[in-house]
Amino acid sequence: MAENDDPGTGTTAGAERKLNDRKLSWTNLHRVDSLNLEAGRVSSAPNRHASHVDWGKTLSLAFQSIGVVYGDVGTSPLYVFSSTFTDGIKHDEDVLGVLSLIIYTIVLIPFIKYTFIVLWANDNGEGGTFALYSLLSRYAKISLVPNQQPEDSEVSNYRLELPSRQLKRASMIKKVLENSKFIQVFLFLVTILGTSMVIGDGILTPSISVLSAVGGISSLSTDAVVGVSVAILIGLFLFQRFGTDKVGFSFAPIISVWFAFLTGIGLYNLCKYEVGVLRAFNPYYIVKYFQRNGKSGWISLGGVILCITGTEAMFADLGHFNVRAIQISFSTVVLPSIVIAYIGQAAYLTKHPEHVDKTFYKSIPHPLYWPQFVVAVLAAIIASQAMISGTFSIISQSLSLGCFPKVKVIHTSAKYEGQVYIPEINYMLMVACVIVTAAFKTTTKIGNAYGIAVVAVMFITTSMLTLIMLVISKISIWWIALFFLIFGSIEIIYFSSVLYKFVEGGYLPLAFALVLMIIMAIWYYVYRKRYLFELEHKVSGEYIRQLAENPAISRVPGIGLFYSELVQGIPPIFPHFIAQVPSIHSVLVFVSIKKIPVTRVALEERFMFRQVEPREYRMFRCVVRYGYMDVMGEPEVFERQLVEHLKEFIRHEYFIAGGNNKLPESVEESTQQQSNLSRVSSGSIQSFNAARSNTSSRIISAPIQGVDEEIQFVQNAKDEGVVYLLGEAEVVAGKRSTIFRKIIVNHLYSFLRRNFRQGETVLVIPHTRVLRVGMTYEI
């Protein structure tokens with residue numbers, strides 16, 4: 001959590017001058033529950049991942065991205081021609097046809113679609129399927145969890161647009177999305193499907209890359225190749241804990257040398273064997289290729305598509321870098337290198353078509369064979385890094401939407417935002433990669449699985465981006481239709497081809513995706529049901545008033561932070577807590593950690609407070625809002641920031657009230673009319689309720705005094721200590737639930753909950769200051 005200027009250190013006089021500048025008339029102020037309306041102005045600071053980054057940092061990130069993002073697509077020349085011509089080359093011009101397919105596939109999808117279109121659809125610097133879903137959910141209420149609030153529209157950098165045909169179209173589509181539960185569920189399932197496919201790639205890519213690299217040593221037996229591959233995979237995943245920053249700078253020089261070799265050898269083969277292969281830039285050779293080969297040509301597309309494996313990493317890994325860095329590195333280094341490499345291999349095959357099964361190594365000049373082999377092995381190992389990094393980013397994003405069990409996210413770079421490492425996911429990927437490598441032993445079936453995952457994710461990205469264009473970008477319908485028709489058609493044709501090899505290993509990514517989708521869907525389903533239960537059974541104001549009059553409840557020194565996910569009130573577990581522990585801290589704050597669909601929230605707008613009546617009770621509700629890429633700070637930092645913002649809240653409301661000890665009567669009366677009032681800015685709707693308490697066995701305390709005394713009381717309470725109160729709700733299916741729901745909730749969800757991290761670990765809560773109370777929710 002980034003530090004900011006301390007709001008509570010200024011003098012009372014200085015605060016009075018500042019706040020009097022924006023004092024409102026209480027007679028004209030409509031009283032609204034700020035948290036029920038989700039009060040808040042979220043930062044609209046410019047995105048630090050965008051083009052505002054200075055060129056020195058951008059070039060540094062571009063260099064890093066070479067080692068992290070492009071290992072997969074960069075090593076595709078190792079196997080594309082051999083995977084395409086599985087039955088050999090039957091006609092001399094078939095080489096030109098396949099080369100033309102490769103060139104235009106690379107130019108159209110990674111270069112035009114991703115580099116110049118998809119990357120700009122990022123969510124404030126973050127890419128991937130979840131980033132697209134998050135971006136869409138800010139403009140249309142498609143989330144299945146009802147924690148959206150009227151003022152959430154102020155979260156992102158919204159622009160007011162004049163009425164137009166595009167705006168009317170967007171409004172109509174938005175209305176359909178918000179009113180159709182089927183569409184909302186469908187979009188969520190598509191999102192987790194795309195995410196699961198990318199995570200599945202994070203398993204397949206290391207396996208095939210390492211196996212293909214080590215398998216280049218023909219003298220090794222199959223078992224030896226598998227053993228060496230497993231050892232390398234384990235070492236690679238253990239290295240991840242050092243972070244993307246160190247990994248990028250370690251791998252970038254190696255991949256840069258690899259691209260230099262590809263370029264040099266490609267030019268050498270082009271000049272030596274056949275300059276005429278440059279005719280492949282004429283797309284007419286694609287037409288002749290399909291006319292000549294028919295169905296076999298269509299099937300061969302499953303091999304051609306391997307030339308763009310790893311392309312999605314450009315978007316998924318965007319949070320580790322920035323748009324300009326990815327554009328620079330791909331356009332100036334990656335694209336020329338791999339295109340020249342394919343051209344050089346095609347030139348070699350025109351003279352030696354019998355070597356198509358080992359085109360890459362056979363086309364290397366003899367003096368460079370072993371140096372190129374060593375670099376090829378290193379590059380193939382590094383290729384897995386792209387999808388591993390992308391997997392970490394995607395899991396980090398999915399956590400914010402409640403779609404994945406709780407795991408610990410470690411931000412590995414203080415210099416560059418978005419670079420994360422997730423220990424649990426890292427070791428799960430490692431185990432899965434080892435199992436796949438040991439079970440399949442060869443790259444043939446894994447290669448068949450590659451295409452399905454790659455094309456499925458690309459088509460999902462195309463479809464979601466089209467919807468975003470319709471709802472958000474509001475550009476001409478003809479440009480949107482052109483985008484979808486061109487890229488959607490290409491990807492559907494490729495997908496139909498790769499499905500042909502479903503039985504021969506293509507089922508593998510779908511099996512991985514199915515398992516991950518089940519995990520994510522179960523977790524999200526119970527998460528939503530639990531939230532709805534708390535919303536339906538939230539504590540009433542009458543209960544709090546009765547609690548305040550109860551002489552059996554004692555006050556203890558200090559600040560209590562009662563954690564809950566409910567943002568619309570006090571959770572039902574609180575009465576259960578009081579029944580078990582009949583005492584309350586002198587200052588009690590109900591803290592709701594809320595992830596909202598923006599990347600980051602400014603510190604000065606993160607904490608939103610509301611007083612709980614009666615005011616003498618000194619109970620507050622506080623929504624602490626984070627973007628899905630924000631970092632939760634250390635407990636001491638969080639406590640200091642919360643207390644300082646609480647004191648600022650007290651000071652702010654005191655001066656808005658004109659410096660009186662009691663709020664005007666008109667405000668109190670307007671409380672009864674909350675439901676009929678219009679929304680106002682959060683900065684002006686929070687009520688001042690401060691009181692100084694005497695140590696007593698009763699809840700009701702002494703009359704409210706001056707603002708300085710109240711602020712000092714809060715500070716004294718903090719000095720006494722801060723205790724974290726966690727309500728651990730065990731969710732079970734109701735007695736009348738179906739057998740299917742009981743299996744999901746009582747067994748599958750319970751298993752996931754027991755085997756992943758607990759709340760205090762994820763929320764960075766010190767174990768020595770935690771008080772837990774359990775309760776069972778029947779859903």
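- The closest donor-acceptor contact from the side chain of S592 to the backbone of L566 lies under 3.5 Å.
- Side-chain contact between Y525 and I744 is present, with at least one heavy-atom pair separated by less than 4.5 Å.
- Using a 4.5 Å cut-off on side-chain heavy atoms (C-beta onward), V539 and I544 make contact.
- The salt bridge (charged side-chain N to carboxylate O under 4.0 Å, His left out) search around R769 returns E639, not counting sequence neighbours.
- Between F577 and F574, the ring planes are parallel. Angles under 30° get that label, and only those over 60° would be called perpendicular.
- Between V624 and K594, the closest side-chain pair of non-hydrogen atoms is not below 4.5 Å.
- No side-chain heavy atom of F620 sits less than 4.5 Å from a side-chain heavy atom of L642.
- The line from OG of S583 to CD1 of I578 is 7.5 Å long, rounded to the nearest 0.5 Å.
- In this structure, the salt bridge (charged side-chain N to carboxylate O under 4.0 Å, His left out) partners of E542, at least two apart in sequence or on a different chain, are R545.
- Looking at M619 and F590, their side chains come closer than 4.5 Å, going by heavy atoms from C-beta outward.
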- Query: After noting the C-alpha distance and the side-chain angles of F607 and F649, does the key distance pass the ring-ring contact (aromatic ring centres under 6.0 Å, His included) rule?
  - Reply: CA-CA 10 Å; F607 297 89; F649 165 77; over 10 Å; no

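- Q715 meets the side chain to side chain donor-acceptor pair (under 3.5 Å) test with K647, D719; sequence neighbours excluded.
- Contact of the K529 side chain with the Y777 side chain is not registered, since no non-hydrogen atoms from C-beta on lie closer than 4.5 Å.
- Side-chain contact between Y543 and P575 is present, with heavy atoms from C-beta onward closer than 4.5 Å.
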- Message: For a side chain to side chain contact (heavy atoms under 4.5 Å, CB included) check, start with the C-alpha distance between Y617 and L588, then their side-chain angles and the critical distance, and finish with the verdict.
- Response: CA-CA 9 Å; Y617 199 4; L588 182 64; 5.7 Å; no

- Item | CA sep, side-chain torsions, deciding dist, call: Y531, Q568, side-chain hydrogen bond (donor to acceptor under 3.5 Å, both in side chains) | CA-CA 10 Å; Y531 192 93; Q568 289 99 336; 2.4 Å; yes

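- Counting non-hydrogen atoms of other residues, nucleotides and ligands closer than 6.0 Å to CZ of F751 gives a total of 12 or fewer.
- Side-chain atoms of R625 never come within 3.5 Å of backbone atoms of M608 as a donor-acceptor pair (strictly under, hydrogens ignored).
- Under the 4.5 Å side-chain criterion, counting only non-hydrogen atoms from C-beta, F404 is in contact with I425.
- A side-chain hydrogen bond (donor to acceptor under 3.5 Å, both in side chains) with E648 is found for one member of H652, H645, R651 and no other, namely R651.
- A donor-acceptor pair is defined here as one N or O able to donate and one able to accept, closer than 3.5 Å; such a pair exists between the side chain of S586 and the backbone of G558.
- The backbone N or O of F533 sits less than 3.5 Å from a side-chain atom of H537, completing a donor-acceptor pair.
- Checked by atom type and distance alone, the side chain of S737 never pairs as donor or acceptor with a backbone atom of A733 at under 3.5 Å.
- With N716 contributing its side chain and Q712 its backbone, the two residues share a donor-acceptor pair below 3.5 Å.
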- List the steps and the verdict of salt bridge (charged side-chain N to carboxylate O under 4.0 Å, His left out) for E565 and R530. CA-CA 10 Å; E565 293 180 343; R530 184 181 63 191; 2.9 Å; yes

